[in-house]
Structures are given as structure tokens and as C-alpha cells.
2 protein chains.
Amino acid sequence: MKVQVYVTLKPGVLDPQGKAIHHALEGLGFGGVSDVRAGRFIELEVADDVSDTDLDAMCAKLLANTVIENYRIERA
Amino acid sequence: MKVQVYVTLKPGVLDPQGKAIHHALEGLGFGGVSDVRAGRFIELEVADDVSDTDLDAMCAKLLANTVIENYRIERA
């Protein structure tokens with residue numbers, strides 16, 4: 001089974017990577033962009049018996065830094 | 001308007017970051033994971049008059065390396 005994990009910076013946490021992307025988009029002439037936030041997207045192929053609790057533990061322990069990041073798990 | 005961009009490696013392209021995550025999950029005792037692919041997730045705040053063509057150009061020119069990566073755009 002495929003599982004998608006989205007890791008995003010919490011609101012208020014500075015995002016230099018997003019700022020750099022924003023600046024580069026403006027440099028390329030793309031207007032109308034007011035904010036960019038960069039995150040990670042991780043796709044796991046897991047066995048059907050892997051529980052939601054296990055997936056949550058994977059995110060909390062390894063995939064996301066819960067001090068500054070939020071995560072969202074979607075089973076596909 | 002919020003726009004989400006998902007950037008993933010094309011199938012067949014080696015993914016050392018995904019491999020490292022997979023290995024670390026096994027090291028932490030999480031079984032049942034057969035594959036991990038790492039990607040990027042970029043959230044843009046854009047004006048309503050930014051067209052799909054513009055968004056596509058942003059991805060093709062800056063956000064994704066289309067030689068080895070695919071991208072998907074979702075307007076929220």
C-alpha cells in the first residue's frame with residue numbers, strides 16, 4: 001500500500017528555502033507570487049498490516065522534526 | 001490563492017535520500033516498509049490572475065528538474 005507523508009514548516013518558522021525560491025521566481029519575471037513555503041513529500045510503500053500508529057511514530061521519530069514541522073499522512 | 005506543487009523523482013531514477021530514510025526506518029525497528037521515495041512539496045500563495053500556464057512555466061523553469069523529476073500542480 002502506498003502512503004504519502006507531507007512535511008511542512010509550522011507557521012511562523014522562518015523558511016529561507018522558500019524565500020530563495022520566491023526571490024528566484026521574481027528574478028525570472030514571474031509576478032503575482034506573494035509567499036512560498038518549501039516542504040518535503042515522502043512516499044512510502046508499506047505492507048497492509050502497518051498500522052496508523054506505526055506510521056505516526058515513523059513521522060514523529062524520523063521523517064519530521066516536530067519542534068518546527070507539521071506532518072500529514074495520507075493512505076492512497 | 002494557495003497552489004500546491006509536488007515534485008517527485010521519475011521512476012527509475014536512483015533516490016539515495018529515500019534509500020537513507022528506508023535504512024534509518026529499519027534501524028529504528030519499523031518493519032513492513034518496502035520502498036521509500038523522497039520528494040519536495042512547495043506551497044505558493046499566488047494572485048488569482050496567475051494562469052495555469054504561468055504555474056507550469058514556474059515548475060518547468062525553476063521548481064523541478066524535468067530531466068529527472070515529475071511535478072504535479074494542485075490549486076487549493
Side-chain angles (χ1 to χ4, degrees), chain A residues 1-11 13 15 17-65 69-76, chain B residues 1-11 13 15 17-65 69-76:
Chain A
M1 183 206 313
K2 275 208 189 316
V3 174
Q4 268 108 31
V5 176
Y6 305 88
V7 180
T8 50
L9 281 173
K10 289 185 177 175
V13 177
D15 181 4
Q17 191 186 356
K19 278 234 176 335
I21 294 171
H22 189 182
H23 190 73
L25 284 173
E26 287 177 340
L28 286 171
F30 292 111
V33 180
S34 58
D35 193 31
V36 180
R37 302 282 285 174
R40 292 195 306 285
F41 169 64
I42 301 153
E43 201 164 40
L44 308 164
E45 181 71 46
V46 300
D48 290 349
D49 62 351
V50 172
S51 66
D52 285 349
T53 316
D54 284 340
L55 291 173
D56 202 71
M58 288 181 200
C59 291
K61 285 190 185 167
L62 184 76
L63 302 179
N65 175 358
E69 291 171 331
N70 290 325
Y71 59 86
R72 183 160 52 87
I73 300 168
E74 269 178 26
R75 283 172 179 264
Chain B
M1 185 202 316
K2 275 209 187 315
V3 174
Q4 268 107 32
V5 176
Y6 306 89
V7 180
T8 51
L9 281 172
K10 289 186 177 174
V13 176
D15 180 5
Q17 192 186 358
K19 278 231 175 337
I21 295 172
H22 189 182
H23 191 71
L25 284 173
E26 287 176 340
L28 287 171
F30 292 111
V33 180
S34 57
D35 193 31
V36 180
R37 303 283 284 175
R40 290 196 307 284
F41 169 65
I42 300 152
E43 202 164 38
L44 308 165
E45 181 71 46
V46 301
D48 290 350
D49 62 351
V50 172
S51 67
D52 285 349
T53 316
D54 285 339
L55 290 173
D56 203 70
M58 289 180 200
C59 290
K61 285 191 184 165
L62 183 76
L63 302 179
N65 175 356
E69 290 171 331
N70 290 326
Y71 59 86
R72 183 161 52 86
I73 300 167
E74 269 177 30
R75 282 172 180 263

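As the structure is a computational prediction, the values presented were derived from the model and not from experiment. Chain A is the first sequence line, chain B the second, and so forth, proteins listed ahead of strands; every chain is numbered from 1.
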Report task. Please identify each residue that fulfils salt bridge (Lys or Arg N to Asp or Glu O under 4.0 Å) with B/Asp52, with sequence neighbours left out. Result -> B/Arg75
Report task. To the nearest 0.5 Å, tell me how far B/Ile21 CD1 sits from A/Arg40 CZ. Result -> 7.5 Å
Query raised in the report: For chain B, which of A/Leu25, A/Ile42, A/Asp49 has the most heavy-atom pairs under 4.5 Å?
Result: A/Leu25
Report task. Tell me, out of B/Leu62, B/Leu44, B/Val50, who's got the most heavy-atom pairs with chain A below 4.5 Å. Result -> B/Leu62
Requested in this report: Can you measure from CG (A/Leu9) to CD (B/Glu43) and round to the nearest 0.5 angstrom?
Outcome: 11.0 Å
Report summary line: Greatest number of non-hydrogen atom pairs under 4.5 angstrom with chain A, of B/Ala38, B/Gly18, B/Ala47, falls to B/Ala47
Requested in this report: For B/Lys10, look at atom NZ and say whether over 12 heavy atoms of other residues, nucleotides or ligands are found less than 6.0 Å away.
Outcome: yes
**Report entry** Spatial distance of atom CZ (A/Phe41) from atom CZ (B/Arg72) [nearest 0.5 Å]
**Finding:** 6.0 Å
Query - chain B neighbours within residues 26-35 of chain A, where any heavy atom lies under 4.5 Å away - result: A/Leu28, A/Phe30, A/Gly31, A/Gly32, A/Val33, A/Ser34, A/Asp35
Query raised in the report: Does atom NZ of B/Lys61 have more than 12 heavy-atom neighbours, drawn from other residues, nucleotides or ligands, at distances under 6.0 Å?
Result: no
